Amino acid sequence: MSKKVLVISSTLRKNGNSEKLAQEFMRGAKDSGNSVEFISLQDKEIKFCKGCLSCLKTGECVIKDDSIEIVKKMKDADVIVFSSPIYYYEMSGQLKTLLDRANPLYTSDYKFREIYFLTTAADSSYNASNIATSGIKGWVSCFSKAQFKRNIHAVGVEAIGDVQNNLAMEEAYKAGKGV
Ligand SMILES: Cc1cc2nc3c(=O)[nH]c(=O)nc-3n(C[C@H](O)[C@H](O)[C@H](O)COP(=O)(O)O)c2cc1C
């Protein structure tokens with residue numbers, strides 16, 4: 001069955017490694033007939049959550065910036081794929097900010113059921129994505145109808161283009177195909 005797949009790339013670096021990994025996932029998901037939408041956080045204005053919690057009553061954030069549209073798309077997707085560079089062994093700040101601003105989803109009738117997390121780091125150890133993955137798992141655990149599917153992590157990639165021949169590219173394509 002065809003699924004609605006939303007891919008959110010959080011690197012602010014043009015042609016970034018994690019964005020390339022996200023594109024491979026997308027290519028796989030499209031090849032198996034899913035409907036795929038891509039959002040890059042580059043050039044998006046996403047302010048910090050103020051913690052007012054009025055979204056729990058109104059279903060929408062009081063801060064009117066680009067997160068409003070992105071959060072609506074998150075709500076309607078069957079599958080959400082986040083991609084992030086590893087920054088100080090965590091997810092990027094811009095992705096964390098988006099997750100906080102997605103708080104209106106908490107009490108909503110969200111459709112998403114599966115979450116993937118794609119990461120890239122300079123470190124040569126696969127453990128380099130563990131802390132960031134644990135953060136995404138924490139977010140997913142707040143949405144009982146959704147499950148964390150998997151983290152695909154590219155090791156040893158630093159400069160733009162380093163990810164090109166990384167094993168994770170094939171893994172991302174296959175995971176996308178199997179969505
Ligand atoms: C601020 C900053 C912090 C970083 N922290 C780490 C880190 O903790 N561990 C690591 O292995 N790589 C770290 N890196 C390297 C990036 O994770 C790596 O270059 C990654 O491939 C960038 O992905 P992108 O091209 O999609 O932005 C850091 C890079 C930056 C700019």
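All of these numbers come straight from a predicted model, not from anything done at the bench. Order of appearance sets the numbers: ligands from 1, and atoms from 1 within every ligand.
Taking atom 10 (C) of ligand 1 as the reference point, the nearest protein heavy-atom neighbour is Ala122 N, 3.6 Å. In terms of protein heavy atoms, atom 11 (O) of ligand 1 is closest to Asp123 N, 2.8 Å. Here the protein heavy atom with the shortest distance to atom 26 (O) of ligand 1 is Ser18 OG, 2.5 Å. Protein heavy atom at the shortest distance from atom 20 (C) of ligand 1 is Thr120 OG1, 3.4 Å. Atom 31 (C) of ligand 1 has its closest protein heavy atom at Tyr87 CE2, 3.6 Å.
Residue Ile86 holds the heavy atom nearest to atom 16 (C) of ligand 1 of all those in Asn17, Asn166, Ile86.
Looking at heavy atoms from C-beta onward, Thr11 lies out of side-chain contact with Gln94 at the 4.5 angstrom threshold. Looking only at side-chain heavy atoms (C-beta outward), Lys44 and Ile39 come within less than 4.5 Å of each other. Side-chain contact check for Lys30 versus Arg27: every heavy-atom pair is 4.5 Å or farther apart.
Under 4.0 Å is where a charged nitrogen must lie from a carboxylate oxygen, and between Lys20 and Asp162 no such pair does. With respect to the salt-bridge test (charged N to carboxylate O, under 4.0 angstrom), the residues Glu171 and Lys174 do not qualify. By the 4.0 Å N-to-carboxylate-O rule, Glu90 lies too far from Lys96 to be salt-bridged with it.
Using a 30° and 60° split on the angle between ring planes, Tyr106 and Phe143 fall in the perpendicular class, above 60°.
On a distance-only criterion, Gly16 and ligand 1 share no N/O pair closer than 3.5 Å. Checking only distances, Ala128 never comes within under 3.5 Å of ligand 1, N or O to N or O.
Side-chain rings of Phe82 and Trp139 approach one another, their centers coming within less than 6.0 Å.
For ligand 1, the atoms closer than 4.0 angstrom to any heavy atom of Val157 are 18 (C), 19 (O), 20 (C), 21 (O). Taking every non-hydrogen atom of Thr11 and a distance limit under 4.0 Å, the qualifying atoms of ligand 1 come out as 24 (P), 26 (O), 27 (O). Near Glu158, the atoms of ligand 1 lying under 4.0 angstrom from a non-hydrogen atom of the residue are 19 (O). Close approach to Pro85 involves these atoms of ligand 1, each under 4.0 Å from a residue heavy atom: 22 (C), 23 (O), 24 (P), 27 (O). For ligand 1, the atoms sitting less than 4.0 Å from at least one non-hydrogen atom of Tyr88 are 1 (C), 3 (C), 4 (C), 5 (N), 6 (C), 7 (C), 8 (O), numbered in the order shown with element in parentheses.
For Tyr116 (side chain) and Val79 (main-chain N/O), no donor-acceptor pair under 3.5 Å exists by modelled atom type.
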